[in-house]
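First up is the structure itself, then whatever we jot down about it.
If you read the sequence from its start, that first residue is 1, and numbering goes on from there. Counting convention: from 1, in listed order, for ligands and their atoms alike.
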Amino acid sequence: AGTLGAAAAGKGRYFGTAVAVNHLGEAPYVSTLDTEFTAVTPENEMKWDAVEPNRGSFNFSAADQIVSHAQSRGMKVRGHTLVWHSQLPGWVGGLSASDLRTAMNNHINQVMAHYKGKIYSWDVVNEAYQDGSSGARRSSPFQDKLGNGFIEEAFRTARAADPAAKLCYNDYNTDGVNAKSNAVYAMVKDFKARGVPIDCVGFQSHFNSASPVPADYQANLQRFADLGVDVQITELDIEGSGSSQAAGYSNVVNACLAVTRCTGITVWGITDKYSWRSSGTPLLFDSNYSKKPAYTAVLTAL
Ligand code: XIL
């Protein structure tokens, strides 16, 4: 097949990209999106600060534009994200524990109700664990005021809000076997043992020379899949250029294809022109929307 989306579909997977609403008026951005990709993730438009900037006051207009674009073209939508310490409006951190619990559940209920039936998978909780060797939870208003149970509570609320959406835990630096991924693994194992609803784990997969594609990437995806969840590559980008970057992308695609429950790959943007990693060139299309060696490597591997 001649496009990323068609080639991935031939392997039973989707191939997605993060999309930013402010570029949907740029013709080559939209034509590349519509030609190559079969799934989208709103890059910022579904985050808490975007959809509920003030308590109880919801604004879905930016995210709605992305969802309707995707729906009209038959693309999947990954919802990103419901409960995260970052891009969180200040009012959330100022709440008492009992108000925070109410606000968290209300946020999940309102956002998921608005998009009910339209979302393939939701990142219910994003980045709840610390980096490094501790395997500990990260400090956040949710962790600090509600304790370890906040993740379970968020997933239970999410399941009731839209039973058709797959519910994911999503994080970075969990791509290989390490203390952080071990902690997430233990949580997922515990959830499955106790019947806490979870369907998938997202591996962000932001790579660079200091943090390359781990040698045990496939093995790590497989051990999570073996717990009975889908795995997804959710925010892939690889800094660098040329053949070394292309080789990294091939490794990621090959790892996903080797894991039956790896259901799809999402790159974190279409073009280097708009990558969040402004110092780099981590994506598949250059700033003129030309296909890079990394693009060819992905298409060949699929
Ligand atoms: C990034 C966006 O790409 C940027 O535009 C924004 O300024 C900051 O957030 N992990 C995530 C994503 O889960 O939501 C982040 O996206 C990148 C890291």
Checklist entry - Can you tell me the protein heavy atom closest to atom 15 (C) of ligand 1 and the distance? => result K47 NZ, 3.8 Å
Next on the checklist: Looking only at protein heavy atoms, which one is nearest to atom 2 (C) of ligand 1, and what is the separation?
Outcome noted: E43 OE2, 3.4 Å
Checklist entry - Among protein heavy atoms, which sits nearest to atom 11 (C) of ligand 1, and what does the distance come to when rounded to 0.1 Å? => result E235 OE1, 3.0 Å
Checklist entry - Any chance the side chains of N126 and Q204 put a donor and an acceptor closer than 3.5 Å? => result yes
Checklist entry - Would you say W268 has any N or O atom under 3.5 Å from an N or O of ligand 1, going by distance alone? => result yes
Checklist entry - ligand 1 versus N126, non-hydrogen atoms closer than 4.0 Å: side chain, backbone, both, neither? => result side chain
Checklist entry - So which protein heavy atom does atom 8 (C) of ligand 1 come closest to, and at what separation? => result Q87 OE1, 3.4 Å
Next on the checklist: Give me the nearest non-hydrogen protein atom to atom 7 (O) of ligand 1 as residue plus atom name, then the distance to 0.1 Å.
Outcome noted: N44 OD1, 4.2 Å
Checklist entry - Relative to each other, are the rings of W48 and H107 parallel, tilted or perpendicular (30° and 60° limits)? => result parallel
Checklist entry - If you measure from the Lys or Arg side-chain nitrogens to the Asp or Glu carboxylate oxygens, is any gap between D199 and R159 under 4.0 Å? => result yes
Item to check | K145 atom NZ, neighbour heavy-atom count above 12 within 6.0 Å | outcome: yes
Checklist entry - Looking only at N/O atoms, are H206 and ligand 1 under 3.5 Å apart anywhere? => result no
Item to check | H114 and F60 aromatic ring geometry - parallel, tilted or perpendicular at 30°/60° bounds | outcome: parallel
Checklist entry - Using 30° and 60° as the class limits, which term best fits the ring planes of H23 and Y274: parallel, tilted or perpendicular? => result parallel
